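These notes are about the structure you will find just below.
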Amino acid sequence: MEIATREFKRCAVIEVSGRIDSATAPQLAAVLHDYTDKGQYNLVLDMSDVDFISSAGLRVLIDTQKTCERLNRGRLVLADVPEPICEAFDLAGFVALFDFYDEVVEAVGTF
Amino acid sequence: MEIATREFKRCAVIEVSGRIDSATAPQLAAVLHDYTDKGQYNLVLDMSDVDFISSAGLRVLIDTQKTCERLNRGRLVLADVPEPICEAFDLAGFVALFDFYDEVVEAVGTF
Amino acid sequence: MSLVVLMPRTQTRTFPARYESLAAIDRFVAAAAEEASFDECTVYQVELAVDEACSNIIEHAYGGEGSGTIECSYRIQDEELTVILRDQGQPFDPETVPEPNLSANIQERTGGGLGLYMIRQIMDEVNFDFESEAGNVLTMVKRKKHSMR
Amino acid sequence: MSLVVLMPRTQTRTFPARYESLAAIDRFVAAAAEEASFDECTVYQVELAVDEACSNIIEHAYGGEGSGTIECSYRIQDEELTVILRDQGQPFDPETVPEPNLSANIQERTGGGLGLYMIRQIMDEVNFDFESEAGNVLTMVKRKKHSMR
Ligand SMILES: Nc1ncnc2c1ncn2[C@@H]1O[C@H](COP(=O)(O)OP(=O)(O)O)[C@@H](O)[C@H]1O
Ligand SMILES: Nc1ncnc2c1ncn2[C@@H]1O[C@H](COP(=O)(O)OP(=O)(O)O)[C@@H](O)[C@H]1O
């Protein structure tokens, strides 16, 4: 897994590539917590290059979303999610929990 | 010339493709004026697919920038400008007048 | 439909019960699912089910990363893929595991409990056997879906 | 440097003096600039200079789109491209045209006056001739730049 981040005026974009599984999810959690710890609750996860995400990764996303949405102070949104991952999100009832955007620019544009 | 537009929370993106010359510049001017007329002064011009822009086009950009920047109410920024057009902008002293961004997402992210 | 009867193809590999093994296990199983000519999304879901099962073995059966192993076998016959995972960790009673909370309200969600649920959603058969001499045996079967026409 | 002396290549085409002709004129001249083996940015700039000159002919010499024509010729010799534009519109005195305001302060800028300025920036020679029997003649020369080494 590789993580690249970009900070914009009203949100941060976290671009993950590779696998988000039990081995790598803690790394992603650390990066997301860095943002929420410093008060950045508007986050875009760019998933275009994610090959795989297991429930270990889903748990990180749920935990982060809980933190972001508390007090209506922000939200974590998901951008450019590959089709097989979309279907797996559906199994986990994820569609109701996150806003999905086809492109990162749309996600950034909502903040 | 073709023009596609997308509206985001804090800006609009105008994506132009083809030639911006004396024949087509009025069309672009009309689209940009539509935005400034309704109070949208934060504009991103996505130039990735622009093949050519003459001084007729530059004049439209200058006029729009004047309107946008008045009273500090916004600005027109240029994204993904092809190299030959960049060099021609340089000739016209354009570099000081506009903010340039490599990618549209960065431009949207500054508003 | 033309019926082709093929010899079953089987393969077995043993991996250290560590999270770093998950990528290799997933590749091993994804290759099998591709060989069974499942579509892209089904290959992905089989990979996901096996990853969840192996993560659980490491985390719950072995109580964390250690010195144990996971033996992974598969068999492809006709249009059916069977994946068998064996470990020497603690047995458990799947019947006592509660359903996860799938609420649409994020604050009611607990992040956990999705693994077993997704395994059962994805696979056509899921069977745990803790009586075996070979240790704990999890057998999962996925059948190829045919589009209606 | 090997010196190859080539026969000059020339071509002439006449276009209606309308803005819709600009794309075709630009293509005609860009092809010549490519034939002269200019780099991508130089091809673009030659195209830009010719577009500006033709826009001015339509707007200022003919006073708008009408029934006039623009005759465009080019000659490629050695590493030099000469473009000649002829029209039958009003002559003008280029000496009286003021330099454009290139201020970095946007509110001081007037949008116009950039065309002639960019033509002179881009081309190595720019010559207006309003005495010709053939009407107004604008001759522009662009030479290939060699990178220092
Ligand atoms: N292989 C296993 N060995 C022991 N316990 C297991 C095993 N698989 C699942 N469990 C139990 O079932 C529960 C639910 O598992 P799961 O749905 O994967 O979610 P999670 O691992 O996030 O708790 C676990 O918390 C654990 O108590
Ligand atoms: N071919 C021409 N015929 C007549 N007048 C011209 C011609 N070209 C340029 N001019 C004059 O020179 C001025 C500057 O031209 P230019 O730099 O292209 O800017 P613009 O066309 O935007 O005014 C014009 O406004 C016009 O008065």
Side-chain angles (χ1 to χ4, degrees), chain B residues 1-2 17-29 32-33 36 41 43 47 50-78 81-100, chain D residues 15-27 29-30 33-34 38-60 62 64-65 70 99-123 145:
Chain B
M1 185 182 68
E2 306 219 324
S17 54
R19 292 172 52 88
I20 310 174
D21 61 14
S22 297
T24 59
Q27 255 175 276
L28 176 60
L32 293 171
H33 289 169
T36 55
Y41 302 112
L43 302 174
M47 299 193 64
V50 174
D51 300 320
F52 180 83
I53 177 167
S54 71
S55 68
L58 302 189
R59 188 189 297 228
V60 172
L61 301 191
I62 288 178
D63 289 348
T64 305
Q65 183 69 305
K66 279 189 184 179
T67 307
C68 288
E69 289 196 339
R70 201 167 293 142
L71 308 172
N72 269 321
R73 60 195 174 188
R75 68 209 156 97
L76 167 65
V77 305
L78 310 181
V81 183
E83 182 53 28
I85 296 180
C86 257
E87 290 200 12
F89 278 174
D90 219 10
L91 290 181
F94 251 49
V95 179
L97 304 180
F98 296 89
D99 291 330
F100 291 79
Chain D
F15 301 87
R18 306 186 62 82
Y19 295 129
E20 294 82 53
S21 301
L22 292 171
I25 297 173
D26 288 8
R27 265 199 307 279
V29 170
E34 277 162 12
F38 291 157
D39 65 42
E40 189 194 356
C41 280
T42 308
V43 169
Y44 181 86
Q45 294 195 357
V46 169
E47 191 181 333
L48 179 58
V50 171
D51 185 285
E52 297 295 343
C54 291
S55 297
N56 280 346
I57 289 169
I58 299 168
E59 184 180 352
H60 303 299
Y62 286 121
E65 295 186 298
I70 300 173
E99 289 271 300
N101 178 334
L102 295 182
S103 165
N105 180 334
I106 188 86
Q107 302 300 346
E108 290 173 2
R109 283 273 193 142
T110 62
L114 287 172
L116 215 51
Y117 173 81
M118 291 200 295
I119 292 171
R120 291 199 168 109
Q121 291 276 308
I122 290 167
M123 303 306 267
K145 299 288 175 298

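In this text, all values refer to a predicted model and were calculated from it rather than measured experimentally. Numbers restart at 1 for each chain; the letters A, B, ... are given by sequence-line order, proteins then strands.
- For chain B, the option among D/Met118, D/Glu40, D/Glu59, D/Glu52 with the highest count of heavy-atom pairs below 4.5 Å is D/Glu52.
- The residue among D/Glu20, D/Arg18, D/Glu47 with the most heavy atom pairs within less than 4.5 Å of chain B is D/Glu47.
- Across B/Ala96, B/Gly18, B/Pro84, the residue that shares the most heavy-atom pairs under 4.5 angstrom with chain D is B/Pro84.
- The greatest number of non-hydrogen atom pairs below 4.5 Å with chain D, out of B/Lys66, B/Gln65, B/Arg59, is found for B/Lys66.
- Contact annotation for D/Thr110: only backbone heavy atoms (N, CA, C, O) come within less than 4.5 Å of a heavy atom of chain B.
- In this structure, B/Glu83 contributes its side chain and D/Cys41 its backbone to no donor-acceptor pair below 3.5 Å.
- For the set D/Leu114, D/Asp26, D/Asn105, the count of heavy-atom pairs under 4.5 angstrom toward chain B peaks at D/Asp26.
- At least one donor-acceptor pair closer than 3.5 Å links the side chain of D/Asn101 to the backbone N or O of D/Glu108.
- Between D/Glu65 and D/Ile58, the closest side-chain pair of non-hydrogen atoms falls below 4.5 Å.
- Top candidate by heavy-atom pairs under 4.5 Å with chain B, chosen from D/Gly112, D/Gly115, D/Pro100, is D/Gly112.
- Counting heavy atoms from C-beta outward, B/Cys68 and B/Leu43 have side chains that approach closer than 4.5 Å.
- Here the NZ-OG1 distance, from D/Lys145 to D/Thr42, works out to 7.0 Å after rounding to the nearest 0.5 Å.
- For B/Ile53, the parts lying under 4.5 angstrom from a heavy atom of chain D are both the backbone and the side chain.
- A donor-acceptor pair is defined here as one N or O able to donate and one able to accept, closer than 3.5 Å; no such pair exists between the side chain of B/Ser22 and the backbone of B/Ala56.
- Side-chain N or O atoms of B/Thr64 include one that pairs as donor or acceptor with a backbone N or O of B/Val60 at under 3.5 Å.
- Heavy-atom distances place the side chain of B/Leu58, and not its backbone, under 4.5 Å from chain D.
- Comparing D/Cys54, D/Ala23, D/Ala104 by heavy-atom pairs within less than 4.5 Å of chain B, the highest count is held by D/Ala23.
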